[in-house]
Amino acid sequence: MNLFDLKWLPTGEYHTEEISPDGTYTLIAYVSRPSLSADAVRGELVFNRRNGKTKNIYWNYRELTAKIEWFDNKTVVINGHTLEIPNEKYDWRKQ
């Protein structure tokens, strides 16, 4: 078991969500309080056209909120971190 895999993150409390311009994806942000010694934000990508399949794509420490902006159908910005989805991920532990 790889403890640095994003699938082992705590669920957290629902915070906000944004749907991609073409409706293919929804990005849902959750806040974990406390995670480690401070709050953290987890971003879960929902594949709307694949029966709601989900994938964790964002995990950042010492964040209380999430600002989600879709640049286009495949590019999302979460708290200033730009990700090309569905393959890119941001995990503060690996930076």
Side-chain angles (χ1 to χ4, degrees):
M1 174 168 66
N2 178 358
L3 295 177
F4 290 106
D5 190 320
L6 291 178
K7 68 182 177 184
W8 301 109
L9 297 176
T11 302
E13 296 176 19
Y14 173 85
H15 176 62
T16 190
E17 66 184 67
E18 292 292 333
I19 299 171
S20 65
D22 67 356
T24 300
Y25 305 102
T26 300
L27 184 64
I28 304 173
Y30 299 88
V31 176
S32 295
R33 295 185 179 121
S35 173
L36 306 173
S37 60
D39 296 345
V41 170
R42 177 177 69 88
E44 180 180 81
L45 185 66
V46 180
F47 295 78
N48 296 331
R49 297 180 181 155
R50 291 190 188 164
N51 298 323
K53 178 183 169 185
T54 63
K55 174 181 174 180
N56 289 325
I57 65 164
Y58 184 84
W59 179 242
N60 205 12
Y61 182 55
R62 295 186 179 175
E63 289 184 337
L64 297 170
T65 62
K67 181 178 179 183
I68 303 167
E69 297 177 281
W70 287 93
F71 180 74
D72 58 33
N73 295 325
K74 298 279 187 178
T75 309
V76 66
V77 180
I78 310 164
N79 291 348
H81 300 279
T82 303
L83 300 174
E84 295 297 321
I85 57 157
N87 297 319
E88 280 192 329
K89 299 176 185 179
Y90 177 82
D91 184 342
W92 71 271
R93 300 168 298 178
K94 296 181 179 181
Q95 301 307 310

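FYI, side chains are in, hydrogens and waters are out, and symmetry mates aren't considered; it's all heavy atoms of this structure.
Judged purely by atom type and a 3.5 angstrom limit, Asn48 uses its side chain to pair as donor or acceptor with the backbone of Gly23.
In plain terms, the two heavy atoms of Gly12 and Ser32 that are nearest each other are CA-OG, 3.6 Å. What you find for Pro86 and Lys74 is that their closest heavy atoms are CD-NZ, 4.4 Å.
Within the 4.5 Å cutoff, the side chain of Leu27 has heavy atoms near those of the Ile57 side chain. Considering only heavy atoms from C-beta on, Asn79 stays 4.5 Å or farther from Asn60 through its side chain. Inter-residue side-chain proximity for Thr65 and His15 is flagged as met; some heavy-atom pair is nearer than 4.5 Å.
Not counting sequence neighbours, the partners of Thr75 by the side-chain contact (heavy atoms from CB on, under 4.5 Å) test are Phe71, Asp72, Thr82, Glu84. Partners of Phe47 under the ring pair (Phe, Tyr, Trp, His ring centres under 6.0 Å) rule, at least two apart in sequence or in another chain, are Tyr25. Evaluation of the salt bridge (charged side-chain N to carboxylate O under 4.0 Å, His left out) rule for Glu63 yields no partner, not counting sequence neighbours. The side-chain hydrogen bond (donor to acceptor under 3.5 Å, both in side chains) test applied to Arg50 returns no partner, not counting sequence neighbours. Checked against side-chain hydrogen bond (donor to acceptor under 3.5 Å, both in side chains), Asp22 has the following partners two or more places apart in sequence or in another chain: Ser20, Thr24. Residues meeting the side-chain contact (heavy atoms from CB on, under 4.5 Å) test with Glu44, sequence neighbours left out: Ile28, Tyr30, Arg42, Val46, Thr54, Asn56.
Both Val76 and Trp92 are part of a single hydrophobic cluster, where members link through side-chain heavy atoms under 4.5 Å apart.
From Trp70, atom CH2 reaches atom CD1 of Ile19 across 10.0 Å, with rounding to the nearest 0.5 Å. Expressed to the nearest 0.5 Å, how far CD of Glu18 lies from OG1 of Thr26 amounts to 9.5 Å.
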